[in-house]
Number of protein chains: 2
Amino acid sequence: MTERLPAARVRNGYSAWRLIAEELRVEIGDGRLAVGDRLPTENSLSQRFSVNRHTARQAIAALAAEGLVESRRGSGTFVLGDTVRLHRIGVRTRLSSSLHEQRSAAADVRVLHSAVEEPPVDIAERLNIGGGRAVRVETSRSADGQPISVGTHWFDAERLPNIAEGMASAGSVTAALAASGIKDYVRVSTVVGARHATSMEGSLLSLGPGAIVLVTEALDSEPDGTPLQYLVSRFAAQRVRLDIEHPRTD
Amino acid sequence: MTERLPAARVRNGYSAWRLIAEELRVEIGDGRLAVGDRLPTENSLSQRFSVNRHTARQAIAALAAEGLVESRRGSGTFVLGDTVRLHRIGVRTRLSSSLHEQRSAAADVRVLHSAVEEPPVDIAERLNIGGGRAVRVETSRSADGQPISVGTHWFDAERLPNIAEGMASAGSVTAALAASGIKDYVRVSTVVGARHATSMEGSLLSLGPGAIVLVTEALDSEPDGTPLQYLVSRFAAQRVRLDIEHPRTD
DNA sequence: CAAAGTTGTCTATCTTTCTAGACAACTATC
DNA sequence: GATAGTTGTCTAGAAAGATAGACAACTTTG
């Protein structure tokens, strides 16, 4: 009879192998396991996390399915790589530019859906449209063929009635605004959070269920302070870091 | 014989009720379910997500255990509230100040551990200490008795040999640096990501396993550009939003 | 070439999660 | 007060997750 630690794993809704996989992902992400390194063996992982070897194997299999590691029979499991993109956030942040500092394959913005509707009160307030209607535009953005983020844009319907069509044809918020006579705008505020992706976001960003999204809520306005756009973006946290601009205050 | 949809739920490591709970949490967070609203009934939730009513119940139970909703027999389940703190990030970002705009109960910084050691190469590079040693300080921060974030600070060991003791006694990075003769410093860069919490982070932040942390990696330097501190902070994403400062460029 | 160490695969069993159904307890409405 | 609708609790069984052990296939080291 083998000693059976009750383990008393709390029922947290996460399978053991998923928790192990996430822990290993962190070690890969922060460099404790560098590209090319060999992971601990399946036996040592199963001891470290107090699970059966098969459970540890499943964690590795999940990472391998993502292309993060590769197992080689007889020799071990090795870290392949961990590519993340940087998305710059600053006063002049625009959706379509400045993804991955060096402008790689142009960030491709697509309009998925648009509608004119009553905005939620907090958004109406921020856009300063008391009682008026708003244009809501749903977009998705990808770079190098890989989906990066989905966005929900809100505009004053009275002021910018044709913004959705402009965005769809120009493939850019900046260009659509320019077509409506707005030459310049600046980022006023950005708030960043993180949460699990919804099933809808998961399918748009080709993420598994339970994946994480970075959520930014931002307000853009004209240089004189008139609110223009309220934008909620959701980035695939696996693939994106937000790089925050700190202008020198010389 | 009831129709049995195979459901073909992929084995993603997340239990069904956890995915449902996270989906509901999103709806509460973004206002589709406002404070005081009644959630859909257990029966309608079970239909919507194609699970048994008991599974839907478990999702609700998880949210209730967090204090996010409350069930009342005979009448329904209601949204209680969703309190988040704002942590400001800008050029003058300091750890101990500016949590929750109005300065609530002082953000309390505690030193958990410190050591002098060889820094990882990328950190050595950013701190501009080629081959030298670094002081690593692990901290935790709470406000109103609730843990908010954990941090890993790196300093040049040659230049700031006693920084850890200073932080422990002063309870503040700014004060400890002042004691070492550094009157002012500025934030140079901040990169934000998100991932699952490790088990260690989970216990320090009193989060369940699998919870999400917002990760900021930041470099502070003296006004003349000399690197001072490299800081990795992990915030409990359930409780914190990062509020990014966009200074007006007048 | 031998030995030790590693991943790949198979079978069996136990535990946890999910499904299914029934009914009680309570609330709101007519 | 009757009725419909809601959450709370119980039992039972099916499906999925995790454990346990054995051995094959392969690589690296000596």
Side-chain angles (χ1 to χ4, degrees), chain A residues 1-24 33 36-65 68-80 208-210, chain B residues 1-22 24 36-65 68-80 208-210:
Chain A
M1 190 180 306
T2 3
E3 191 96 36
R4 164 103 41 93
L5 296 184
R9 217 183 294 292
V10 284
R11 318 204 174 167
N12 50 41
Y14 295 82
S15 58
W17 63 264
R18 168 62 63 182
L19 293 173
I20 295 168
E22 296 304 336
E23 196 106 14
L24 291 174
L33 289 169
D37 279 4
R38 199 181 76 173
L39 261 66
T41 66
E42 296 174 350
N43 271 317
S44 69
L45 284 174
S46 68
Q47 283 177 24
R48 169 174 158 198
F49 292 105
S50 308
V51 297
N52 189 273
R53 183 181 150 227
H54 293 85
T55 308
R57 274 177 66 71
Q58 198 163 7
I60 291 171
L63 296 177
L68 208 60
V69 302
E70 180 190 52
S71 292
R72 293 202 274 273
R73 172 185 291 203
S75 133
T77 301
F78 299 84
V79 178
L80 287 184
Chain B
M1 190 179 303
T2 3
E3 192 95 36
R4 165 103 40 89
L5 296 185
R9 218 184 294 292
V10 285
R11 317 204 175 169
N12 49 41
Y14 295 82
S15 58
W17 64 264
R18 168 62 63 181
L19 293 173
I20 295 167
E22 296 304 337
L24 291 175
D37 279 4
R38 200 182 75 174
L39 261 65
T41 67
E42 298 174 349
N43 271 317
S44 69
L45 284 174
S46 68
Q47 283 177 26
R48 170 175 157 196
F49 292 105
S50 306
V51 297
N52 191 272
R53 182 181 150 224
H54 295 288
T55 308
R57 274 178 66 72
Q58 197 163 5
I60 291 171
L63 296 177
L68 208 59
V69 302
E70 181 191 51
S71 291
R72 294 202 274 274
R73 172 186 291 205
S75 120
T77 301
F78 299 84
V79 177
L80 287 184

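Predicted, not measured: the structure shown is a model, and the values here were computed from it. We name chains A, B, ... by the order of the sequence lines, and we start the count at 1 in each one.
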Problem - Side-chain N,O (B/Gln58) to OP1/OP2 (C/dC18) below 4.0 Å - result: yes

Problem - Test side chain to side chain donor-acceptor pair (under 3.5 Å) applied to B/Thr41 - qualifying residues, sequence neighbours left out - result: B/Ser44

Handout entry: Euclidean distance, atom CG of residue A/Asn12 to atom P of D/dG17 [Å, nearest integer]
Key = 14 Å

Problem - Set of residues satisfying salt bridge (Lys or Arg N to Asp or Glu O under 4.0 Å) with respect to A/Arg38, sequence neighbours excluded - result: none

Practice task
For A/His54 and for B/Ser71, find the nucleotide of DNA chain D with the closest heavy atom, then tell me which residue's nucleotide is more 5'.
Solution key: B/Ser71

Practice task
Please state how far atom CZ in B/Phe78 lies from atom P in D/dT6, giving the value in whole angstrom units.
Solution key: 11 Å

Exercise for the section: Spell out yes or no: do the side chain of B/Arg53 and the base of D/dG8 have one donor N/O and one acceptor N/O closer than 3.5 Å? Expected result: yes

Handout entry: B/Asn52 CG - D/dA14 C1' separation (whole Å)
Key = 12 Å

Problem - Length of the line joining B/Asn43:CG and C/dT19:P, which is rounded to integer Å - result: 14 Å

Exercise for the section: State whether B/Phe78 and B/Arg72 meet the cation-pi test: NZ (Lys) or CZ (Arg) under 6.0 Å from the six-membered ring centroid, and within 45° of the perpendicular axis. Expected result: yes

Practice task
Would you mind reading off the distance between B/Glu42 atom CD and D/dG8 atom P, rounded to a whole angstrom?
Solution key: 6 Å

Handout entry: Set of side chain to side chain contact (heavy atoms under 4.5 Å, CB included) partners for A/Arg73, sequence neighbours left out
Key = none

Exercise for the section: Provide, to the nearest angstrom, the distance between the OH atom belonging to A/Tyr14 and the P atom belonging to C/dT17. Expected result: 14 Å

Completion exercise
Heavy-atom nearest pair, B/Leu45 first then B/Ala56, reads CB-CB, 4.1 Å

Exercise for the section: Provide, to the nearest angstrom, the distance between the CG atom belonging to B/Leu63 and the C1' atom belonging to D/dT7. Expected result: 16 Å

Exercise for the section: With pairs defined as Watson-Crick or G-U wobble and both distances under 3.5 angstrom, please note down DNA chain C as a dot-bracket string, | for pairing with another strand. Expected result: ||||||||||||||||||||||||||||||

Practice task
Go through the structure and list residues passing side chain to side chain contact (heavy atoms under 4.5 Å, CB included) with B/Thr55, not counting sequence neighbours.
Solution key: B/Ala16, B/Trp17, B/Val51, B/Asn52

Practice task
Taking side chain to side chain donor-acceptor pair (under 3.5 Å) as the test, write out the residues that go with A/Arg48, two or more places apart.
Solution key: A/Glu27

Practice task
Report yes if a side-chain nitrogen or oxygen of B/Trp17 is closer than 4.0 Å to either non-bridging phosphate oxygen (OP1 or OP2) of C/dC18; otherwise report no.
Solution key: yes

Practice task
Check side chain to side chain donor-acceptor pair (under 3.5 Å) between A/Gln47 and all other residues, then give those that pass, not counting sequence neighbours.
Solution key: none

Handout entry: Pair listing, salt bridge (Lys or Arg N to Asp or Glu O under 4.0 Å) test, anchored in residues 51-64 of chain B, at least two apart
Key = B/Glu42-B/Arg53, B/Glu42-B/Arg57

Handout entry: N/O (side chain, A/Thr55) to phosphate O (OP1/OP2, D/dT19) under 4.0 Å
Key = yes

Practice task
Would you mind reading off the distance between B/Gln47 atom CD and C/dT19 atom P, rounded to a whole angstrom?
Solution key: 13 Å

Nucleotide N/O of nucleotides 24-28 of chain D paired with protein N/O under 3.5 Å:
| residue | atom | partner | partner atom | Å |
| --- | --- | --- | --- | --- |
| D/dA25 | O4' | A/Arg73 | NH1 | 2.5 |
| D/dA25 | O3' | A/Arg73 | NH1 | 3.1 |

Practice task
Report the nucleotide, chosen from C/dT6, D/dG8, C/dT9, that has the shortest atom-to-atom distance to any side-chain atom of A/Arg57.
Solution key: C/dT9

